[in-house]
Amino acid sequence: MNTLNISSEATFKQNPELALKRYHEVGYHVEPNLWAAQECDNLIEAAKNLPTYQDGSFKSFLQAHRIEPKFLAALKNPRIVRILELLVNGKVSAIQSQFFFCRPGTRGFVRHQDNYYVQSSWDGFASAWSALTDVDPGNGGLVVYPKVHLEPILPVEPVAYPDSSSGDPNTVSQQTVLPDRYESVDLYVPKGAVVFLHGHNVHKSHNNTTQDRFRQALLMTYIRQGEKFRPGFAAQRAEVNVYG
């Protein structure tokens, strides 16, 4: 298992050409400081209005922007949208938001490619995963596989999973079958940073093994305008104008 020190990586703020080149090479990018600390805290507070907070289950919640206006505003964050326009080479539409509480004891989700579910084009779909608190392997950090995004959609295999604490059965019932040549990288993501993921990148997350550290995160997914995508039975994805 390798680790990524984001301080050594190019950023879109300082060197957008190199950052974009690296994204295309490895299939992901971590951009620091796209959310201020207070913005992160405001989104965590807004999540208290979601049904899975109020019922005490703390399961992840799909399409949070349809419940809480602050998540709709988050989808339109111009700092994030500008980077996504570079990643997919065009104007974008948002199609999904998902809030993760990941309380202590939550099991991580298994290996998957986001575009396995979305079924958009190879180069027209990307995800933005916002860390609303410091994230590391102990509290459920992300694991990515560099360069696997150059593969097509890979086959999946069923997995035995003891519970559905993630709230998303798709991410626990089957996993991507990964060729042996790919090695994993642990991401240490500071509060306010965003992990941008190519739609074909394979990623997973660790269990939250801490006693008292939630791993709140907001996943937002985008397509290049005009691209086809699968709405999905559970997600019921629909285009959101991020410029209005």
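The first residue in the sequence is number 1, and the count goes up from there.
Between Phe99 and Phe71, the ring center distance clears the sub-6.0 Å criterion. In this structure, the ring of Phe101 has its center no less than 6.0 angstrom from the ring center of Phe61.
Scanning all heavy atoms of the two residues, the minimum distance from Gly124 to Val88 falls at C-CG1, 3.9 Å. Nearest heavy-atom pair, Val189 versus Ala193, reported as atom, atom and distance to 0.1 Å: CG1-CB, 3.6 Å. Nearest heavy atom pair, residue Gly138 against residue Asp136, reads N-OD1, 2.8 Å. Across Thr176 and Val202, no two heavy atoms sit closer than the pair CG2-CG2, 4.0 Å. In plain terms, the two heavy atoms of Gly108 and Ser205 that are nearest each other are CA-OG, 3.2 Å. The two atoms that bring His65 and Ser97 nearest to each other are ND1-OG, 2.7 Å, heavy atoms only.
Side-chain N or O atoms of Thr52 include one that pairs as donor or acceptor with a backbone N or O of Lys59 at under 3.5 Å. Using a distance-only test at 3.5 Å, with no hydrogens or angles considered, a donor-acceptor pair links the side chain of Gln113 to the main chain of His200. Using modelled atom types, no side-chain atom of Asn201 and backbone atom of His198 make a donor-acceptor pair closer than 3.5 Å. Arg237 contributes a side-chain N or O that, together with a main-chain N or O of Pro231, makes up a donor-acceptor pair within less than 3.5 Å.
A perpendicular orientation is assigned to the rings of Phe58 and Phe214, their planes being inclined by more than 60° (bins at 30° and 60°). The aromatic rings of Phe100 and Phe109 sit tilted, their planes meeting at an angle between 30° and 60°.
Sorted by first and then second residue, the side-chain hydrogen bond (donor to acceptor under 3.5 Å, both in side chains) pairs with a member in residues 214-228 read Ser121-Glu227, Asp123-Arg224, Arg224-Glu227; sequence neighbours excluded. Sorted by first then second residue, the side-chain hydrogen bond (donor to acceptor under 3.5 Å, both in side chains) pairs that include residues 76-86, not counting sequence neighbours, are Glu39-Arg79, Glu85-Tyr243. Among residue pairs with one or both ends in residues 144-155, those qualifying as side-chain hydrogen bond (donor to acceptor under 3.5 Å, both in side chains) are Glu151-Arg181, Glu151-Tyr182; sequence neighbours excluded. Residue pairs meeting the side-chain hydrogen bond (donor to acceptor under 3.5 Å, both in side chains) criterion with at least one partner in residues 40-49, sequence neighbours excluded, are Gln38-Asn42, Asp41-Lys191, Glu45-Lys48, Asn49-Glu68.
Residues Gln96 and Leu62 meet the side-chain proximity criterion, which asks for heavy atoms closer than 4.5 Å. In this structure, Leu187 and Val135 have side chains that are not in contact, with every pair of non-hydrogen atoms separated by 4.5 Å or more. Counting only heavy atoms from C-beta outward, the side chains of His29 and Val195 never approach each other to under 4.5 Å. Contact annotation: the side chain of Ser127 approaches that of Leu219 to within less than 4.5 Å [non-hydrogen atoms, C-beta and beyond]. Using a 4.5 Å cut-off on side-chain heavy atoms (C-beta onward), Asp114 and His203 make contact. The closest side-chain heavy-atom distance from Tyr23 to Leu87 is below 4.5 Å. Two residues are said to be in side-chain contact when any heavy atoms from C-beta on lie closer than 4.5 Å; Val110 and Ser173 fail this criterion. At a threshold of 4.5 Å between non-hydrogen side-chain atoms, the residues Gln175 and Glu157 count as touching.
The environment of Gln211 atom CD is sparse: at most 12 non-hydrogen atoms of other residues, nucleotides or ligands sit within 6.0 angstrom. The number of heavy-atom neighbours closer than 6.0 Å to CG of Asn89, taken from other residues, nucleotides and ligands shown, is 12 or below.
Residues meeting the side chain to side chain donor-acceptor pair (under 3.5 Å) test with Asp55, sequence neighbours left out: Ser57. Gln236 pairs by the side chain to side chain donor-acceptor pair (under 3.5 Å) definition with nothing, not counting sequence neighbours.
The distance from the OH atom of Tyr116 to the CD1 atom of Ile153 is 9.0 Å, given to the nearest 0.5 Å.
A salt bridge does not link Glu17 with Lys21: every distance from a Lys NZ or Arg NE/NH1/NH2 to an Asp or Glu carboxylate oxygen is 4.0 Å or more.
Grouping the Ile, Leu, Val, Met, Phe, Trp and Tyr side chains by contacts below 4.5 angstrom, directly or via other members, places Ile95 apart from Val240.
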